Amino acid sequence: EKESSLDYDRCINDPYLEVLETMDNKKGRKYEAVKWMMVFAIGVCTGLVGLFVDFFVRLFTQLKFGVVQTSVEECSQKGCLALSLLELLGFNLTFVFLASLLVLIEPVAAGSGIPEIKCYLNGVKVPGIVRLRTLLCKVFGVLFSVAGGLFVGKEGPMIHSGAVVGAGLPQFQSISLRKIQFNFPYFRSDRDKRDFVSAGAAAGVAAAFGAPIGGTLFSLEEGSSFWNQGLTWKVVRSTCSEASPKLATASKTKLDISYVLFCSMSATFTLNFFRSGIQFGSWGSFQLPGLLNFGEFKCSDSDKKCHLWTAMDLGFFVVMGVIGGLLGATFNCLNKRLAKYRMRNVHPKPKLVRVLESLLVSVVTTVVVFTASMVLGECRQMSASGQIGNDSFQLQVSSEDVNSSIKTFFCPNETYNDMATLFFNPQESAILQLFHQDGTFSPVTLALFFVLYFLLACWTYGISVPSGLFVPSLLCGAAFGRLVANVLKSYIGLGHIYSGTFALIGAAAFLGGVVRMTISLTVILIESTNEITYGLPIMITLMVAKWTGDFFNKGIYDIHVGLRGVPLLEWETEAEMDKLRASDIMEPNLTYVYPHTRIQSLVSILRTTVHHAFPVVTENRGNEKEFMKGNQLISNNIRFKKSSILTRAGEQRRRSQSMKSYPSSELRNVCDEHLASEEPAEKEDLLQQMLERRYTPYPNLYPDQSPSEDWTMEERFRPLTFHGLILRSQLVTLLVRGVCYSENQSSASQPRLSYAEMAEDYPRYPDIHDLDLTLLNPRMIVDVTPYMNPSPFTVSPNTHVSQVFNLFRTMGLRHLPVVNAVGEIVGIITRHNLTYEFLQARLRQHYQTI
């Protein structure tokens with residue numbers, strides 16, 4: 001499979017128990033201290049990555065707009081605007097071409113990376129998603145794509161970048177830098193790595209928006225197994241309605257919130273410290289908390305009638321939420337069709353075609369931006385306050401070194417070109433114009449800008465460049481909200497309306513309609529505005545936008561996850577799925593190993609299957625004689641004849657149903673008869689028996705044999721007593737290190753590996769097909785019992801699907817054995833068996849059998 005699941009469940013085997021035996025309070029405190037230092041380092045590095053991207057985007061944008069604006073001012077008199085357009089095309093095509101080349105080097109760097117990180121936190125390993133090369137291509141790629149004038153943002157890729165930093169930094173090694181390795185024995189498991197990836201993703205959100213609490217909630221919302229999304233949303237609603245700034249955690253979470261929050265705050269602190277010092281020269285002033293700053297929302301002191309929002313405005317906000325949900329659903333529908341078209345017609349072709357598509361989008365975007373700025377804009381009168389603005393707006397404008405964020409192309413003194421002010425500026429400056437500019441924007445200009453930006457942003461998201469969707473969605477929605485405010489003020493006569501509030505609510509409505517994020521997005525926007533009174537309007541708007549959009553389709557990230565075919569698990573199953581049991585959805589055709597198995601059998605199993613774990617079993621032949629009489633399986637008066645038409649899967653399901661229905665009295669009789677038949681002919685010393693069985697707790701049955709396709713149905717589905725699970729990576733490690741013993745020796749002579757030796761090759765264990773095993777004697781025997789997990793989570797065949805799903809998701813499992821009442825394994829459940837599509841198919845089969 002291209003994507004595989006992650007092993008979040010802890011393997012409690014002998015090497016791990018040896019580590020626990022040596023663990024004391026001193027070592028525990030040392031481990032905690034190292035973890036805190038790692039979390040702080042992840043936050044600082046993520047903040048520095050954001051600083052690097054912001055600095056060079058600002059530098060390249062300043063260079064580009066400075067040259068082109070000077071050219072426009074000169075050519076407006078000489079009539080050579082075509083030359084100005086060519087200059088702008090030259091800059092944009094160069095930057096976009098470089099971004100596309102970086103994606104050719106590492107294709108996973110395309111897009112925002114948020115869908116892939118959602119998959120990782122959900123338990124699916126997407127190849128290459130957290131590699132160092134991916135980080136480098138992502139950082140430089142988003143730098144060039146934003147500077148190239150595409151309608152993309154750098155905030156979304158910051159989340160991916162933070163996750164890569166979180167995954168790689170605690171490992172102290174990289175496949176891209178093979179020669180640089182450190183002996184760092186900590187955090188060598190998927191479980192630890194997932195926690196650091198969650199912290200890094202939260203740090204990315206915090207660096208992007210200056211929202212450490214929002215970043216923490218994003219990480220919990222997407223990565224926590226115990227997070228009750230529905231209950232928490234109700235708590236957020238109640239706290240916001242009471243205008244309380246505190247957000248209660250509604251349920252126990254699997255992630256340690258303190259680590260994630262500390263990492264987020266470290267990233268925000270680092271970025272704020274350096275940006276404030278570099279841009280304003282006031283080190284330690286902390287004036288710029290994130291890459292995207294919304295500024296301060298406040299009414300003018302001279303306007304006594306102005307209020308940020310009133311109770312009457314809530315009705316308008318609800319309507320805007322509905323419209324935002326409809327617009328978001330439309331955006332997602334169009335983008336899904338474009339993505340399918342690209343998958344059919346662009347991706348199968350040579351990689352150069354993807355570069356050409358990116359360049360085509362760049363050309364069209366540049367021509368539209370230039371033409372609209374020169375031709376479609378209107379000259380609007382600057383108000384006295386508009387030339388200065390409030391304090392926060394003036395602060396932002398002064399930080400922009402592109403002459404001024406207000407463009408006066410072809411307009412007389414004291415007026416400005418409203419379309420050029422929106423199009424011919426960095427996207428962050430355009431958002432601030434819509435939020436804080438006291439001068440008016442023409443309704444026609446806002447409508448044209450919204451339509452053009454909507455279509456171009458939809459076309460752009462999905463091309464082969466690193467690209468974020470947060471900022472384009474916010475800008476598009478802000479134009480929509482400002483348009484609503486203009487209509488209400490100019491045509492309905494509502495003079496109390498504060499245009500900045502409606503622009504913010506419009507931005508939240510459209511962004512919520514596109515991404516369908518709820519809790520974390522609410523807090524991110526509240527923190528970005530630094531205005532807690534906006535909590536209730538933003539929450540209501542996002543809630544209505546999500547409900548409206550969900551009526552038509554999924555969020556944009558979930559759509560792209562589905563197009564990739566990734567088996568993402570939802571929060572919970574539908575109620576009707578409880579008509580199914582574990583025996584209905586399990587995989588009954590098992591590939592298993594014995595506690596003591598010959599090397600040739602293990603190599604054969606590993607090379608002929610792609611399974612990542614194998615049940616360790618012994619054959620319960622005593623029970624088989626009781627169960628198999630003639631051609632009938634007799635259990636609790638249930639009989640059926642073996643027939644050639646019955647599939648092996650059907651046979652095993654019937655077996656599981658029969659095993660689970662055994663009465664306890666009948667089980668005791670079977671066990672008593674079985675034990676009586678195994679009594680030795682002559683009694684031996686009990687102590688001697690215990691000493692002999694000390695290192696061979698499991699019978700050494702048929703170590704030559706491994707499951708074969710040539711076996712009959714009776715051989716394939718003979719009763720198998722379940723003893724534990726052994727991972728593919730563990731078996732390969734045992735073979736590589738020659739852990740085995742010969743027939744004439746006891747298994748006690750087998751070499752023993754420590755926990756550090758077992759985890760030394762993490763996360764890239766050798767491939768069985770690449771190994772040279774000629775030095776190993778194929779007749780040697782491997783005792784897997786010290787290294788298997790003897791106590792994994794298991795379920796009964798009669799367990800309802802909702803219980804199976806909740807156990808699998810909350811515990812972060814990869815394999816869930818199905819064990820019947822007599823301790824025999826009858827099937828196994830993996831992530832694939834719990835996907836929505838698979839459960840729907842099995843439910844249809846259930847209805848057909850009824």
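What you see is a predicted model, and the numbers here were worked out from it, not measured in a lab. Atom set for the values below is all heavy atoms of this structure, side chains included, hydrogens, waters and symmetry mates excluded.
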Taking only residues two or more places apart in sequence, or in another chain, which ones meet Asn789 in a side-chain contact (heavy atoms from CB on, under 4.5 Å)?
-> Asp9, Cys11, Ile12, Ser791, Pro792
Side chains of Thr22 and Glu18: closer than 4.5 Å at any heavy-atom pair?
-> no
Which pair of non-hydrogen atoms, one from Gly123 and one from Arg831, has the smallest distance, and what is that distance?
-> CA-NH2, 3.4 Å
About how many Å separate CG of Asn777 and CD of Glu743, when rounded to the nearest 0.5 Å?
-> 8.5 Å
Output the distance between atom OH (Tyr787) and atom CD1 (Ile726), rounded to the nearest 0.5 Å.
-> 9.5 Å
side-chain contact (heavy atoms from CB on, under 4.5 Å) between Asp578 and Gln803, worked out | CA-CA 9 Å; Asp578 262 350; Gln803 295 173 292; over 6 Å; no
Do Thr618 and His723 get their side chains close enough for a donor-acceptor pair, meaning under 3.5 Å?
-> yes
Can you find a heavy atom in the side chain of Val593 that is under 4.5 Å from one in the side chain of Leu602?
-> yes
When you check the side-chain N and O atoms of Tyr120 and Glu116, is any donor under 3.5 Å from an acceptor?
-> no
Donor-acceptor contact below 3.5 Å, side chain Glu757 vs main chain Ser754 | yes
Full working for side-chain contact (heavy atoms from CB on, under 4.5 Å) between Tyr16 and Met758 = CA-CA 10 Å; Tyr16 183 77; Met758 291 293 293; over 6 Å; no
Under the ring-ring contact (aromatic ring centres under 6.0 Å, His included) test, residues paired with Phe722 that sit two or more places apart | none
Any sub-3.5 Å donor-acceptor pair from Thr134's side-chain atoms to Gly128's backbone N or O?
-> yes
Would Arg564 and Val126 count as a side-chain contact (heavy atoms from CB on, under 4.5 Å) if you check the C-alpha gap in whole Å, the side-chain angles of each, and the deciding distance to 0.1 Å?
-> CA-CA 10 Å; Arg564 291 194 60 158; Val126 181; 3.5 Å; yes
Within-4.5 Å side-chain heavy-atom neighbours: Asn122 and Arg809 | yes
Shortest non-hydrogen contact from Leu580 to Arg842?
-> CD2-O, 3.9 Å
How many angstroms lie between CD in Glu619 and OH in Tyr592, if you round to the nearest 0.5 Å?
-> 5.5 Å
Closest non-hydrogen atom pair, Ala167 against Val197 | CB-CG2, 3.5 Å
Stepwise side chain to side chain donor-acceptor pair (under 3.5 Å) test for Ser747 and Gln750 | CA-CA 5 Å; Ser747 61; Gln750 175 177 279; over 6 Å; no
Answer yes or no: is there a side-chain heavy-atom contact under 4.5 Å between Thr733 and Val736?
-> no
Mind checking the CG-CG spacing from Asn833 to Leu816? Nearest 0.5 Å is all I need.
-> 9.5 Å
Side chain to side chain, Ser583 and Val818, heavy atoms closer than 4.5 Å | no
For Arg607, which residues count as a side-chain hydrogen bond (donor to acceptor under 3.5 Å, both in side chains) partner, sequence neighbours excluded?
-> none
Can you find a pair of side-chain heavy atoms, one from Thr830 and one from Glu587, that are under 4.5 Å apart?
-> no
Side chain to side chain, Glu824 and Leu720, heavy atoms closer than 4.5 Å | no
Supply the atom-to-atom distance Thr810 OG1 to Phe793 CZ, rounded to the nearest 0.5 angstrom.
-> 8.0 Å
About how many Å separate CD1 of Ile605 and CG of Leu731, when rounded to the nearest 0.5 Å?
-> 8.0 Å
Nearest heavy atoms of Arg728 and Leu606, plus distance in Å = NH1-O, 3.0 Å
Is any side-chain heavy atom of Gln600 less than 4.5 Å from a side-chain heavy atom of Arg779?
-> yes
Would you kindly say whether Asn798 and Ser796 are connected by a side-chain donor-acceptor distance under 3.5 Å?
-> no
Glu570 and Phe805 have their tightest heavy-atom pair at O-CZ, 3.3 Å
Per side chain to side chain contact (heavy atoms under 4.5 Å, CB included), Met577 is matched among Asp584, Val804, Val801 by Val801
Heavy-atom neighbours of Gln745 CD exceed 12 at 6.0 Å | yes
Heavy-atom closest pair (Asn13 atom, Pro786 atom, distance to 0.1 Å) is CB-O, 3.4 Å
Chi angles and distances behind the side-chain contact (heavy atoms from CB on, under 4.5 Å) call for Ile585, Leu839 | CA-CA 7 Å; Ile585 66 171; Leu839 292 179; 3.9 Å; yes
Is any side-chain N of the basic residue among Asp558 and Lys118 closer than 4.0 Å to the acidic one's carboxylate O?
-> yes
